[in-house]
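All values below come from the heavy atoms of this structure, side chains included, with hydrogens, waters and symmetry mates left out. Both ligands and their constituent atoms are indexed starting at 1 by order of listing.
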Amino acid sequence: MKIDSLETIPIAIDRNEVFTISTGSSLTAENVIVRVESEGVVGWGNASANSVTEETTESILKALKNFKPEIVGKNVEIENNWKEWNKVLPEAPSALAGLDIALYDAKGKLENKSVLEFLGGKNEGIPTDRTIGHMTKSETVEHAREFVDKGFRALKIKIGLGLMEDVKRVRAVRKEVGNDIDIWVDANQAFTPEESITLCQKLEETDIKFVEQPVRVNDIEGLKKVTEETDIPIMADETVKDPEMAERICQEEIADMINIKLAKCGGLTGGRKIVEIMEEYDVEGMVGCMGETSVSIAAGSHLYNSTLNLKYADLDSHFMLSDNIASGLEFKDGKLWISEEPGLGMKIDTEKLDKYRMNLKGKQ
Ligand SMILES: [Mg+2]
């Protein structure tokens with residue numbers, strides 16, 4: 001497909017409430033919406049400013065601006081060219097994700113196919129969780145009740161407030177929602193390996209499905225130790241940013257599961273590469289998100305449906321925003337459903353893009 005133009009639109013949308021995890025707090029989600037034109041169709045993608053890949057709105061805009069000559073006016077094959085692009089954008093996986101998702105969307109519209117048809121798989125409802133940030137025990141329980149009443153069947157509790165306080169919050173949620181709701185916890189690197197092992201022992205009776213990223217991002221040895229010495233499955237998130245690390249995690253059994261996020265691994269192409277590794281090693285995992293809009297969540301949903309190895313879906317960041325810039329994803333009967341329209345199946349509200357467009361004059 002020939003790329004006629006590449007445009008970036010930085011937007012800032014307030015969350016419904018302040019979101020706090022072990023690594024920080026934020027009220028506003030910043031995203032860069034990527035728009036590509038190709039042979040008369042428009043494809044949309046989403047890059048997120050985030051602390052995991054250390055990309056800011058400014059760095060994403062700069063990366064894609066510099067990248068423009070590599071792609072505009074050229075004929076591209078996403079899967080063939082991606083490796084090269086990944087080399088040109090080495091410190092910008094989220095920027096590449098925005099581009100990759102937009103290209104998939106355009107390709108689908110050109111060929112009248114949904115992204116899922118390219119990836120292979122079945123269009124099924126996605127049992128996404130809702131995430132609960134750091135808050136008091138009673139607020140945690142209140143949020144859990146609200147989400148379960150809305151139909152969600154899985155809750156992810158962000159921990160890292162302190163070992164016993166975290167355990168008390170998880171116990172209280174289990175008591176509130178009963179045994180039919182999945183509970184997951186995410187420490188976002190808050191603990192030492194020893195603390196993590198104690199935490200897992202104390203959480204065993206709460207029947208949680210897994211603990212995500214208990215130790216520091218680069219503590220590979222510590223992560224492996226926790227995985228070996230606990231019965232609760234351990235999921236690697238921040239530690240896995242590319243297919244190479246995913247392969248190492250699987251090969252050396254450093255963690256039991258992997259959390260794929262499109263913004264960490266360069267989009268659907270990088271995500272699929274990790275999925276293929278997980279399939280090869282028979283490792284299960286999750287597709288997650290990082291404060292993105294529903295455009296990115298739709299892409300993650302297509303990826304989720306492309307494999308049985310993605311057992312869990314943490315595709316809820318659009319629910320946490322005070323406005324939705326695109327329609328096409330539906331939450332029904334406790335599950336998220338993608339549209340079967342071509343591409344991502346999303347319709348972008350360009351008036352909302354104007355409304356939330358960031359004024360970065362003088363900053364770039
Ligand atoms: Mg995580």
Side-chain angles (χ1 to χ4, degrees), residues 15 19-26 29 48-55 93-94 97 126-135 140 143 147 152 154-161 166 169-170 173 182-191 193 195-196 199-200 203 208-220 222-223 226-227 230 232-242 245-246 249 254-265 270-271 274-275 278 283-292 296-297 300-301 303-304 309-320:
R15 300 176 198 273
F19 184 52
T20 304
I21 64 173
S22 302
T23 47
S25 236
S26 106
S48 82
N50 71 86
S51 59
V52 176
T53 67
E54 297 176 343
E55 288 168 87
S94 181
I126 301 158
T128 182
D129 69 330
R130 284 298 303 266
T131 303
I132 302 171
H134 285 189
M135 52 187 76
T140 304
H143 280 68
F147 296 146
F152 293 92
L155 301 167
K156 172 156 125 173
I157 304 171
K158 292 287 193 179
I159 59 168
L161 283 168
D166 291 330
R169 287 168 69 225
V170 178
V173 170
D182 272 10
I183 299 178
W184 320 332
V185 308
D186 187 356
N188 292 106
Q189 317 174 48
F191 300 109
E195 286 168 338
S196 305
L199 174 87
C200 289
L203 284 177
I208 58 168
K209 293 287 179 193
F210 56 82
V211 174
E212 215 180 307
Q213 195 72 42
V215 300
R216 294 293 300 161
V217 57
N218 294 323
D219 188 3
I220 311 287
L223 189 59
V226 180
T227 301
T230 56
I232 297 175
I234 302 298
M235 184 182 284
D237 177 7
E238 287 92 325
T239 297
V240 188
K241 296 192 186 76
D242 51 43
M245 183 53 92
I249 297 272
I254 292 163
D256 299 296
M257 293 193 273
I258 288 174
N259 183 356
I260 299 179
K261 289 175 179 166
L262 299 180
K264 285 190 300 184
C265 64
I274 297 179
V275 162
M278 291 164 69
V283 165
E284 289 180 335
M286 177 161 88
V287 56
C289 56
M290 283 200 287
E292 296 117 307
S296 215
I297 294 299
S301 301
L303 184 71
Y304 176 89
N309 288 59
L310 290 174
K311 196 173 171 187
Y312 303 107
D314 173 27
L315 292 169
D316 67 342
S317 58
H318 62 311
F319 291 125
M320 299 168 93

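- Sorted by chain and number, the protein atoms of type N, O or S within less than 2.8 Å of the Mg ion (ligand 1) are Asp186 OD2, Glu212 OE2, Asp237 OD2.
- In terms of modelled atom types and a separation under 3.5 Å, the side chain of Gln213 and the main chain of Asp237 share a donor-acceptor contact.
- Using a 4.5 Å heavy-atom cutoff, the side chains of Asp219 and Gln189 are not in contact.
- Within the model, atoms CE of Met257 and CD1 of Ile234 stand 8.5 Å from one another, a figure rounded to the nearest 0.5 Å.
- Donor-acceptor pairing under 3.5 Å is recorded for the side chains of Thr131 and Asp316.
- Distance alone, capped at 3.5 Å, places no donor-acceptor pair between the Glu212 side chain and the Pro214 backbone.
- Ring pair Phe319/Phe152: centre-to-centre distance below 6.0 Å.
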